[in-house]
Amino acid sequence: KGCFLCIGPNDQPVAKQERQLWTYGAVSFAQAVIDHPIRLRFESASGNVSDAGCYAGLRIAAGRLIAGQRPGNVLAAYDEVSQAWKKAAGVADASTVQISILPAAPTLPAGGEPVVRN
């Protein structure tokens, strides 16, 4: 239960979000930043999929997915009670958000794309 940042083809958890902080091993941090062009894919628990993007970058902070560096550009917010991502546009909730780093980005370890999963 909770919100995890996973990577690779087997969705290996690498960090967990609790009370708006991410934990990676013994280290906690307030935000994760991707400084490369990205695309998002939202998937509901029932399997409905919708894509969003392309964006110049992404911040994951305070339970929100924020496009670029402007704080007002919130794409989705994580709801701890329902354990789902609420898309800013009011579209159906998503249980999984896949973050795809677009071609200009360096190769990720273990051949995967980061996935935020609850």
Side-chain angles (χ1 to χ4, degrees):
K1 189 173 181 175
C3 184
F4 294 89
L5 181 61
C6 304
I7 192 166
N10 297 321
D11 288 340
Q12 171 87 25
V14 293
K16 181 177 182 179
Q17 179 185 315
E18 292 182 292
R19 294 183 288 276
Q20 300 191 8
L21 282 178
W22 288 95
T23 303
Y24 175 74
V27 178
S28 292
F29 52 96
Q31 68 178 348
V33 178
I34 299 172
D35 286 332
H36 297 283
I38 60 100
R39 179 182 62 240
L40 299 175
R41 171 167 280 188
F42 294 88
E43 184 175 339
S44 70
S46 63
N48 293 326
V49 174
S50 66
D51 291 329
C54 304
Y55 301 101
L58 183 74
R59 285 188 307 126
I60 306 170
R64 292 173 173 76
L65 299 175
I66 304 163
Q69 297 302 315
R70 296 185 307 146
N73 203 3
V74 176
L75 303 172
Y78 186 71
D79 180 60
E80 300 262 351
V81 175
S82 67
Q83 300 281 297
W85 288 92
K86 309 276 185 181
K87 289 170 58 174
V91 183
D93 299 346
S95 59
T96 301
V97 180
Q98 179 178 356
I99 305 165
S100 298
I101 298 177
L102 299 177
T107 304
L108 291 169
E113 297 173 331
V115 173
V116 180
R117 188 178 300 281
N118 56 342

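- In this view, Arg41 and Asp51 satisfy the salt bridge (Lys or Arg N to Asp or Glu O under 4.0 Å) rule, not counting sequence neighbours.
- Put simply, the side chain of Gln31 does not reach to within 4.5 Å of the side chain of Arg64, judged on heavy atoms.
- Hydrophobic clustering (side-chain heavy atoms under 4.5 Å, transitive across Ile, Leu, Val, Met, Phe, Trp, Tyr) keeps Val33 apart from Phe4.
- For the pair Val97 and Leu75, the minimum side-chain heavy-atom distance is 4.5 Å or more.
- Phe29 and Tyr78 end up in the same hydrophobic cluster when Ile, Leu, Val, Met, Phe, Trp and Tyr side chains are linked at under 4.5 Å.
- Scanning both residues, Ser95 and Ser44, for their nearest heavy atoms gives OG-C, 3.5 Å.
- Nearest heavy-atom pair across Ala30 and Trp22 is O-CD1, 4.3 Å.
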Open item on the list: Let's go through Leu65 and Val74 carefully: what are the C-alpha distance in whole Å and the side-chain angles of both, what is the deciding distance for side chain to side chain contact (heavy atoms under 4.5 Å, CB included) to 0.1 Å, and is it a yes or a no?
Closed with: CA-CA 6 Å; Leu65 299 175; Val74 176; over 6 Å; no
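- Enclosure of atom OH in Tyr24 is not indicated, since only 12 or fewer non-hydrogen atoms of other residues, nucleotides or ligands lie within 6.0 angstrom.
- Note that CD1 of Ile60 is 5.5 Å distant from CG of Leu5, once rounded to the nearest 0.5 Å.
- Heavy-atom minimum distance, Phe42 versus Ala76: CE2-CB, 3.8 Å.
- In this structure, Gly63 and Trp85 approach most closely via the heavy-atom pair O-CZ3, 3.8 Å.
- Rounding to the nearest 0.5 angstrom, the gap separating the CZ atom in Arg59 from the CD1 atom in Ile66 is 4.0 Å.
- The shortest heavy-atom contact between Thr23 and Ser28 is OG1-OG, 3.6 Å.
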